[in-house]
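Heavy-atom basis, side chains included; hydrogens, waters and symmetry copies ignored. Note that the structure is a prediction, hence the values are computed from the model and not measured. Numbers here simply count residues along the sequence, with the first being 1.
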Amino acid sequence: MFLRFYKESSSKKALGKLVKKFANSVMSFEKNVSPAQIQEYFRFYRSDPDAAIKNVTLEDIICGLNNE
């Protein structure tokens, strides 16, 4: 899903590294996260994959960024 949202943003190699960072961050929360929650998070950072990685928190993914 990360690659679909950010395919135009960076080289494939750079995106591969970002995918791993994002996946490791989400898995480190040890909580179930739905595809819809991930998709909504990516939509918030749709033009900035680096910010999506830098700012990932369980609360933002589960509760949503628009609920602040």
Side-chain angles (χ1 to χ4, degrees):
M1 190 182 306
F2 189 97
L3 293 174
R4 288 184 186 154
F5 269 84
Y6 303 114
K7 64 184 172 189
E8 303 296 326
S9 299
S10 300
S11 70
K12 286 185 181 182
K13 186 174 182 179
L15 280 176
K17 289 180 182 180
L18 292 176
V19 167
K20 288 180 183 179
K21 284 183 182 180
F22 183 80
N24 289 336
S25 293
V26 173
M27 289 188 308
S28 74
F29 302 141
E30 297 181 358
K31 299 284 183 183
N32 290 331
V33 179
S34 74
Q37 290 168 320
I38 298 286
Q39 185 176 21
E40 184 63 28
Y41 180 81
F42 289 157
R43 287 183 62 214
F44 188 82
Y45 290 107
R46 70 180 138 250
S47 63
D48 193 350
D50 292 314
I53 301 299
K54 182 179 177 184
N55 299 310
V56 66
T57 65
L58 180 61
E59 183 177 308
D60 285 346
I61 291 175
I62 291 178
C63 299
L65 292 156
N66 296 324
N67 295 329
E68 296 179 2

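Panel note: side chain Arg43, backbone Glu40; no donor-acceptor pair is recorded below 3.5 Å. Not one N or O on the side chain of Asp60 forms a donor-acceptor pair closer than 3.5 Å with the backbone of Val56.
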Exercise answer: donor-acceptor pairs, residues 26-38 side-chain atoms, under 3.5 Å, sequence neighbours excluded:
residue	atom	partner	partner atom	Å
Ser28	OG	Ser25	O	2.6
Ser34	OG	Ala36	N	3.4
Ser34	OG	Gln37	N	3.1
Ser34	OG	Gln37	OE1	3.3
Gln37	OE1	Ser34	N	2.7

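For Phe5, the ring pair (Phe, Tyr, Trp, His ring centres under 6.0 Å) test picks out Phe42, with sequence neighbours left out.
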Exercise for the section: Please assess Asn55 against Tyr41 for the test side-chain contact (heavy atoms from CB on, under 4.5 Å), listing each intermediate value before the final yes or no. Expected result: CA-CA 10 Å; Asn55 299 310; Tyr41 180 81; 4.1 Å; yes
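Note that OH of Tyr6 is 7.5 Å distant from CZ of Phe22, once rounded to the nearest 0.5 Å. Note that NZ of Lys20 and CD1 of Ile53 are 13.0 Å apart. Values are rounded to the nearest 0.5 Å.
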